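The structure presented is a predicted model; accordingly, all values stated were derived computationally and were not measured.
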There are 2 protein chains.
Amino acid sequence: MDFAAHRFAAGGYHPTSVAEIVQGLGVGKGVFYWYFSSKEELLAEILREAQLDLRRAQRAVIAGEPDPVRRIEMGIRSSIDWLDANRHLATLFQFAATETRFAPILRASQELTHNDLTQHVKDGIIDGRIRDADPAILTLAILGVVGNLTRAFLATERARADEVADTAVAFCLQGLLGPGQA
Amino acid sequence: MDFAAHRFAAGGYHPTSVAEIVQGLGVGKGVFYWYFSSKEELLAEILREAQLDLRRAQRAVIAGEPDPVRRIEMGIRSSIDWLDANRHLATLFQFAATETRFAPILRASQELTHNDLTQHVKDGIIDGRIRDADPAILTLAILGVVGNLTRAFLATERARADEVADTAVAFCLQGLLGPGQA
DNA sequence: CCATTGCTTGACCAGCTGGTCAAGGGTTCC
DNA sequence: GGAACCCTTGACCAGCTGGTCAAGCAATGG
C-alpha cells in the first residue's frame, strides 16, 4: 500500500496501472484483487489511512495545551511536519480533491479537522485574543497557508520544515502588517 | 476548448476521453486532431490560456495603484473574482499541479505571478508597512489563503465572492490577532 | 469546369486497462 | 494420508483508449 501510494504520487493515479504496481511488488495480480476489491478502493484506503494518521499527529500534539492560540500554533506545526514527512501523500490529497470520486472521502476527515480548528478559533475570539471575524473563514485561511507553504516550499527543498512552520505561524497570527498597525 | 475544459474539470482529465469531447461537440474525431496534436496538448493549451487570462486580470486591476499594500489587496481581490468566475479552471490548475507532465506548464506562469507579488511585498517592507520577514514565504502564504478560500468557499456557494475577498484581505494583512496585539 | 486547398468525417487499429478465474502451492487440522 | 482452507499465480478477456487515415465535401481561383 505504501509502495502504491508512492507510485500514484509519482506517476499519477490513472496513468499508474495495477499491473505496474504488482510488478513492482513482485507479486501476481490476483493477490492484489484478493486484498482490494478494485484499484479505486486501494486509493480510497490509502487516503483514509493517511488522513487518520495526520489527524492523530495533530491531536497528539494539541492534547496538553489549554490556550487556544497555542493550540492553533501547535496544530500548524504538526501538520507541516507531517506533510513534510509524507509529501507523496500530500500530492495524493491534492489529486483526490480534483476527482469527484475521491473528493467525498477527503471531505469527511477534512470536516473534522476543520471543526476542531474552528472551535479553537472561536475560543480565541471569546478570549478576545483573536479578532472578531467569521471563524470558518479564518480556519480555511489557515489551512490554505499551511497547504500552500508546504507544497511550494517543501517540494523544492528551499527550506527546513521548522523554518517554514515558523513563518507560517507568524503569518497566521500577525498577517503581513504585524502588530501595532492598522 | 471551453467545452473540453468543463468536461475535464467535471469528470477528470484521464477519465474524459477524446471521443466524449468530440461527441459532445457534435463533430468528428478527425477535426480534433486537426487542431490539436494530442489530448495532452489540448489541456496544456487550456492551462496556458487560462493562466494568461488570470494574469491579465491581475495586471489590469493593479496598474494604476502605486501603494504596494493596496496593490497586494487589489491582486487578491481580482484573483478571487477571476477564480470565482472560472471555477472549472481552478479545478484544472489543481489537477495539473499533481501531474508531472503538466506541472511545468503551471510553474512558468506561477513564477511570474510569484515574482510580481514578491516585489510588492518587498516594497512594503522597505516602506516599513509590512513587517520584516522572508518576502517569498509571505507571498506563498498569501497565494495559499487565496487558493484555499476560493476552493472551499466558492465551491460550496457558502458566500459571495466579494465577502470572501474581504475576509481574505483582512486575514492576509492582519492575521488572526489583528492590529495592536503581540 | 476542373484542380487545389482546407476542413471534416467516422470506421478502424494496436495497445493497454481494470478485472476474472481455473489452477496450483503451503499449512493446518483431522 | 488427505481434505479443507487460505493465499498466490499469471494467462486471459472484453472494453475502451488515444490516435490514424482514406475518403469526401465545400469553397476558392484560374
Of all the choices, dC7(D), dG18(D), dT9(D), which nucleotide is nearest to the side chain of Tyr35(A) once you look at every atom? dC7(D)
Let me know the distance between CG of Leu42(B) and P of dG19(D), rounded to the nearest Å. 11 Å
Just the rounded figure in Å: distance from C1' of dT8(C) to CZ of Phe36(B). 15 Å
Once you round it to whole Å, what is the distance between C1' of dT9(D) and OH of Tyr33(A)? 15 Å
Contact class for Val18(B) (heavy atom, under 4.0 Å): base, sugar-phosphate, or nothing? sugar-phosphate
Derivation of the ring pair (Phe, Tyr, Trp, His ring centres under 6.0 Å) call for Phe102(A) and Tyr13(A): CA-CA 11 Å; Phe102(A) 300 113; Tyr13(A) 168 72; 5.3 Å; yes
Distance, rounded to the nearest Å, where Gln23(B) contributes CD and dG18(D) contributes P: 13 Å
Find the distance His14(B):NE2 to dG18(C):C1' and express it as a whole number of Å. 16 Å
Salt bridge check, Arg160(B) against Asp84(B): does any charged N sit closer than 4.0 Å to a carboxylate O? no
What integer distance in Å separates Leu25(A):CG from dT8(D):P? 11 Å
Once you measure the plane-to-plane angle for Phe95(B) and Phe95(A), does it fall in the parallel (<30°), tilted (30-60°) or perpendicular (>60°) bin? tilted
Taking side chain to side chain contact (heavy atoms under 4.5 Å, CB included) as the criterion, tell me which of Ile105(B), Asp2(B), Leu89(B) meets it with Ile46(B). Leu89(B)
Separation of Phe32(A) atom CZ from dT17(C) atom P, in whole Å? 13 Å
Comparing nearest nucleotides in DNA chain D, the 5'-proximal residue of the pair Lys29(A), Lys39(B) is Lys29(A)
Counting heavy atoms from C-beta on, name the nucleotide in dC7(D), dT8(C), dT17(C) closest to the side chain of Ser17(A). dT17(C)
Salt bridge check: are Asp123(B) and Arg129(B) linked by an N-O gap of less than 4.0 Å? no
Starting from P on dG10(C), measure out to CD on Glu20(B) and report it in whole angstrom. 17 Å
If you assign each of Tyr13(A) and Gly30(A) to its closest nucleotide in DNA chain C, which residue comes earlier from the 5' end? Tyr13(A)
When you get a sec, tell me which of dG19(C), dT8(D), dT8(C) is the closest nucleotide to the side chain of Trp34(A)? dT8(D)
Closest-nucleotide 5' rank along DNA chain C - winner of Gly26(B) and Ser37(A): Gly26(B)
